[in-house]
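Quick note on labels: first sequence line is chain A, next is B, and so on, each numbered from 1.
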Amino acid sequence: MGDILGLVAKRLGLGLVILLIISVIIFFMVELLPGDIAQAVLGQGATPENLAALRKEMGLDQPAIVRYLGWLKGAVMLDFGNSIVTGASVSETIGTRFANTLFLAAYAAAIAVPISIVLGVLVALARNSIFDRVANVATLTSISSPEFFLGYILILYLAVKTGMFPAIASLREGMDFGDLLYRTFLPALTLVLVVTAHMMRMTRAAIINLLASPYIEMARLKGTPPWKVIVKHALPNAWAPIINVVALNLAYLITGVVLVEVVFVYPGIGQALVDAVSKRDFPVVQACCLIFAATFILLNLAADVGAILTNPRLRHPK
Amino acid sequence: MTKKKDVLLKIRDLKIEGYSDETWVPIIKGVDLTLHRGEVMGLIGESGAGKSTIGAACMGYARDGTRISNGSIEFDGMELTTATEADRRMLRGSRIAYVAQSAAASFNPAHKIIDQHTEAPLQYRLKKRLEAQEDAMELYEKLRLPNPQEIGFRYPHQVSGGQLQRAMTAMAMSCRPDLIIFDEPTTALDVTTQIEVLAAIRDIVDEFNTAAIYITHDLAVVAQMADTIKVLLKGEEVEEAPTKEMLDNPQEEYTKSLWAVRSFESPQKQRPKDGVPLISVRHVDAAYTKGEKILDDVSFDIYEGMTVAVVGESGSGKSTTARVITGLLPPMKGEVLFKGTPFPPDYRNRTKDQLRQCQMIYQMADTALNPKLKISELIGRPAQFYGGLKGVALKNRVDALLDMIELEPSQYYNRYPTELSGGQKQRIGIARALAAEPSFIVCDEVTSALDQLVAEGILRLLDRLQRDLNLAYMFITHDLATVRSIADEVVVMQHGKVVEQGPKDDMFTPPHHPYTDLLLSSVPEMDPNWLTTLLEERGIDNVGDAAAARLDPKDPKLTGANA
Amino acid sequence: MSVFVIIYYTLLLGASCLAAYFNKRSAFLLLFSLTLVSFVLGIVGGVGALRAVAIAAGLLALAAMVSYAFREFLIAIASHNMAKELRTAPLTAAFGMFVIFTYAIAGIFAPWIAPFGEAQVISSAFAPADENMLLGADQLGRDMFSRIIYGARNTVALALAGTVLAFTLGAMAGLLAATTGGYFDQFLGRMSDVIMSIPSLIFALLMLSIFGGELANDTTSFWLLTGFAVLVGLLFVTAVAEGNVMSWIIGLAIMVGVAVAFAGGMLVIFNPSEIILVLVVAVIYSPRVFRLTRAVAGNVVVMDYIEAAKLRGERRWYLIRREILPNSAAPLVAEFGLEFCFVFLLIAGLSFLGLGIQPPTADWGSMVRENATLISFGELTPLIPAAAIALLTVAVNFVVDWMLYRSSGLKV
């Protein structure tokens with residue numbers, strides 16, 4: 001077991017280092033701007049006195065490294081400073097939005113993960129049949145379509161023409177959970193369509209890969225019934241690839257959400273990021289990027305740790 | 001030995017097709033087979049003969065991408081080709097069992113060995129779990145596995161290859177089947193390990209009077225195991241006869257040629273009286289980065305025009321020695337001399353001429369030849385690179401080289417390696433080495449991936465080229481028959497050390513060093529009684545891993561080596 | 001119950017029975033499951049739904065026929081070896097090739113095909129389709145059809161440029177890392193790990209927020225382009241020159257010249273904000289290309305024939321050019337197609353967010369955004385540019401799917 005703990009610890013350490021490097025990239029990229037944030041806030045017409053005062057207020061008179069450390073310290077404590085457009089606290093602005101985004105992603109994942117894994121396994125079992133081919137074409141099409149295409153099709157047919165669901169996923173205080181699920185159904189469905197296709201294909205590939213191994217043939221030649229071959233012989237070895245598939249797609253959900261949020265005007269962090277980028281509100285951009293990157297890294301980390309933990313060779317060392 | 005009993009398996013006019021390149025092509029073209037209860041039949045043939053496919057068909061099983069297109073397979077009165085899949089499945093594991101070539105890959109890594117063993121008996125409700133486990137331990141003991149009470153509770157990756165193969169045989173026995181298919185069960189094992197597995201398989205098949213089909217390409221092995229032998233060639237039967245008869249008096253030309261393979265022997269050359277060795281390996285220690293030492297004080301000489309065979313089992317350091325000589329792995333200690341002057345340890349520091357002198361021929365011609373280059377460029381490149389040949393001169397040189405390796409130049413000049421057979425590819429590999437005009441060639445298991453007849457041709461070619469061009473060979477091999485036919489001197493290696501070296505004739509006459517002795521005695525011979533005699537002579541506990549473990553590492557012969 | 005419904009079911013059931021009678025198992029399964037689905041659809045959606053199914057089936061049949069004919073056409077005009085390859089192409093791949101071909105024609109001959117200019121205002125905003133305007137007008141009164149044709153040129157060219165840049169950098173670095181190994185390999189590997197840990201869309205937004213504003217000018221984009229080209233050139237010179245000082249000097253001189261010429265050339269074709277977009281895409285996707293090339297080349301490098309060439313004393317450039325590249329070409333070409341899809345979708349997404357290609361350049365992503373309001377009136381128009389995006393990526397993916405299957409599934 002010592003080996004496993006060591007590997008997991010090593011992987012966690014690596015994740016932390018990568019996150020740190022990314023924080024450096026995110027912070028210092030903004031430093032590349034000609035002039036500085038103060039200039040950007042006040043625009044061309046600012047007087048030198050005003051500029052100096054703002055610089056002092058924002059701590060821009062200090063060297064970059066000091067400011068970075070201050071920013072990092074704040075980020076660890078979830079304090080990302082103030083927006084330079086509205087002046088409000090960044091954490092407060094994006095806090096609830098991040099929760100909304102997580103809700104949407106979780107909603108989509110709760111539908112997509114079980115469906116796609118079951119479908120992926122079924123398609124792998126019926127490989128090269130007509131259903132496999134139809135599924136192949138359908139998933140390829142779904143993957144290739146931009147999220148906003150799928151989103152607008154759903155709006156057009158399920159909201160505008162039939163009026164079954166609301167086209168705009170507006171949230172109100174004190175909505176009950178059923179209403180919430182109903183109002184966010186279309187954005188969640190868009191995400192489900194894209195992610196399910198991805199996950200199905202990857203699950204199918206992982207299972208087919210596994211079914212070619214000699215121990216599966218051995219199990220068949222031992223007279224093991226087909227369902228048992230899958231459940232007892234294939235599945236225990238399939239956890240690592242399946243965990244990987246799920247984590248990768250959850251990570252994809254987190255970023256795919258940006259476009260979907262814009263299409264459905266959903267008050268999530270993705271829209272906040274897009275607004276901030278067009279308004280050049282750098283503290284918000286930095287905070288959103290760091291949050292997205294951290295989530296992404298965390299999910300990849302979870303996949304790797306899961307793969308380590310389910311590997312029988314590592315679990316039962318020599 | 002032949003037992004006249006009722007027929008267990010009857011195959012008539014079996015035809016199997018495989019799917020490749022968008023069409024179905026025949027693999028088995030009408031084979032008959034009759035197997036009686038308790039009889040062991042050896043299926044032998046070269047690669048592509050369809051042995052394994054027939055083995056699987058005996059269970060009514062067609063692998064992915066193959067289909068049984070015609071014929072009947074009757075097992076104990078039941079027709080398998082028309083039976084439902086469920087009925088066929090009921091036979092598998094309970095009445096017909098299967099032992100695969102690679103036990104390491106065929107055990108599921110996620111379950112304990114004993115759980116996989118008891119799966120079939122539990123599935124068929126033949127035994128309760130505890131009974132099945134006890135039975136497993138009993139079988140483990142019969143198969144002479146160490147710690148039979150405990151070994152089943154390990155995971156496959158925690159057990160060695162030879163032991164896994166026996167555990168798989170035990171698993172096949174778990175329901176006491178009527179028939180076991182052994183599909184090359186010892187091919188992946190070292191000779192000393194192979195002997196234990198062979199002995200164990202033979203004993204248990206005898207004890208339970210199980211019928212078996214033993215698939216292999218090794219004649220000597222099949223001679224030990226089988227009552228009757230069936231020879232296959234490209235999906236068709238050549239002949240079938242009881243073992244003794246088949247060995248003494250083969251009828252067909254093809255079978256005779258298989259039997260005759262081991263007759264080639266090149267006369268042994270003597271070292272020149274007082275010459276400088278061409279290659280001299282001096283006290284070399286080597287290790288891969290951060291790993292433990294692979295080579296430990298290895299020393300030997302290779303003289304001009306002579307063949308030195310380096311023999312040993314997997315992991316003995318043969319190939320590492322070659323890597324040190326070619327400069328791919330700079331040694332930690334010691335040096336390699338070429339005509340008395342030191343070779344730079346790293347090949348990147350060697351001059352063009354030094355690189356030219358020392359060429360290499362590889363085991364797998366498939367991976368040794370760039371599949372995207374034409375033969376003309378494969379062979380022509382060294383001539384162009386070292387000799388600066390161009391245009392007509394280059395073409396003439398390539399033609400001459402193709403002539404030398406007995407391939408018609410005009411026919412092969414513009415072809416790609418993928419269009420050639422295994423033996424032809426290996427010849428191209430030889431021509432590429434010759435194109436550099438070297439004085440020394442490392443041959444790394446050059447014949448072990450080839451069928452026997454083809455290998456024979458390659459050995460003869462190498463021998464002729466040596467005489468014509470005065471080449472020195474370092475011949476890495478695990479096959480003592482190859483050593484016998486081509487070597488002048490032999491170096492025996494074990495665990496990275498040279499345990500014995502000397503002229504071939506001395507090495508093959510006793511007294512031997514204990515490890516050499518073990519190695520020599522473990523090589524199966526064509527005599528059907530060889531295994532029985534050997535086990536009687538050495539004792540059942542003095543073969544294989546057990547015997548190797550007994551070798552005293554402090555034995556003066558092991559540490560000293562005769563210089 | 002209308003006549004249409006009766007004919008619909010009669011045809012379906014008749015076809016299923018025929019398929020069953022002639023033992024065409026898969027055709028029967030498909031037809032009969034379609035019949036069953038139609039029952040449900042018919043009850044839920046009425047005749048309209050069935051009509052939609054019939055139209056979809058007709059379109060599908062049409063697409064299949066076009067694909068079949070196009071494949072036969074390609075086989076007829078291709079050389080012997082190519083024809084042999086093409087015969088293995090499934091209809092989906094043939095369909096993909098046909099679509100790519102059509103887009104290429106539309107893109108190259110856009111000015112001749114499009115009836116109006118891309119920025120030309122010809123009628124009122126959102127004017128409906130008439131005999132002049134095939135698809136109506138957009139929010140400023142420009143011809144939708146012409147803009148879609150021009151979009152094929154602008155969007156695809158940009159995505160193609162981004163993919164090519166990402167590919168040159170990534171593939172060059174990957175090949176070099178595979179042949180060199182050691183710390184260089186380790187360093188590049190770690191670096192690509194870091195970049196790939198930032199989700200691509202997010203990273204693109206971050207970079208655009210910085211380079212998108214006043215930095216998107218001629219000077220900055222020129223220097224960024226030159227810097228990028230110098231980076232690629234440096235890798236190239238490292239691969240070719242090895243230890244020779246003289247070749248280093250010559251190589252560096254040539255490289256700087258080429259870099260400047262390249263940057264100048266790019267500025268002629270694209271405007272500064274587009275160049276920033278191309279570079280952003282190249283930076284984001286080159287690590288992915290690097291990782292794949294490194295993996296593919298890594299599998300080749302361990303082959304004995306590479307060892308044989310190294311022991312012969314061959315130089316690195318020969319190894320890359322004659323030994324490694326020919327053996328990794330197939331997966332790399334497929335990867336190029338795949339990367340193109342990613343890049344294309346990313347650029348379309350950015351444009352949709354209003355941060356990519358800037359008006360008045362006709363571009364599919366921004367066209368969707370500009371006309372999105374029409375959706376709430378039940379109009380299909382904004383979906384057309386989105387469908388154009390989807391159709392191209394689907395087409396490329398179909399072809400890539402076939403190529404991947406050829407290079408991995410079928411080992412001859």
| query | Closest approach of P225(A) and R89(B), non-hydrogen atoms and distance? | reply | CA-NE, 3.5 Å

| request: Report, as yes or no, whether the 6.0 Å neighbourhood of atom NZ on K10(B) holds more than 12 heavy atoms from other residues, nucleotides or ligands. | output: no

| query | With a 3.5 Å cut-off and no angle check, do the side chains of Q116(B) and H233(A) form a donor-acceptor pair? | reply | no

| request: For K232(A) and N108(B), work out which heavy atoms get closest and say how close. | output: O-ND2, 4.2 Å

| query | How long is the span from the CG atom in L91(B) to the CG atom in L221(A), to the nearest 0.5 Å? | reply | 12.0 Å

| request: Would you check if there is a donor-acceptor pair between the side chains of K222(A) and Q123(B) at a distance under 3.5 Å? | output: no

| note | Minimal heavy-atom distance between P236(A) and H111(B), with the atoms involved, is CG-NE2, 3.9 Å

| field | More than 12 heavy atoms of other groups within 6.0 Å of K10(A) NZ | value | no

| Toward chain A, the part of A97(B) with a non-hydrogen atom under 4.5 Å | neither

| field | Proximal component of M90(B), with respect to chain A [non-hydrogen, under 4.5 Å] | value | neither

| Given that the side chain runs from C-beta out, which part of T224(A) has a heavy atom under 4.5 Å from chain B: side chain, backbone, both or neither? | both

| Considering only heavy atoms, which portion of F107(B) lies under 4.5 Å from any heavy atom of chain A: side chain, backbone, both, or neither? | backbone

| remark: All heavy atoms of Y215(A) vs all of P109(B), minimum pair found to be CE2-CD, 3.5 Å

| note | Contacts satisfying salt bridge (Lys or Arg N to Asp or Glu O under 4.0 Å) that involve residues 130-145 of chain A (not counting sequence neighbours) are D132(A)-R204(A)

| message | Surrounding CZ of R63(B) (heavy atoms of other residues, nucleotides or ligands, distance under 6.0 Å), is the total greater than 12? | response | yes

| query | Side chains of Y61(B) and R220(A): closer than 4.5 Å at any heavy-atom pair? | reply | yes

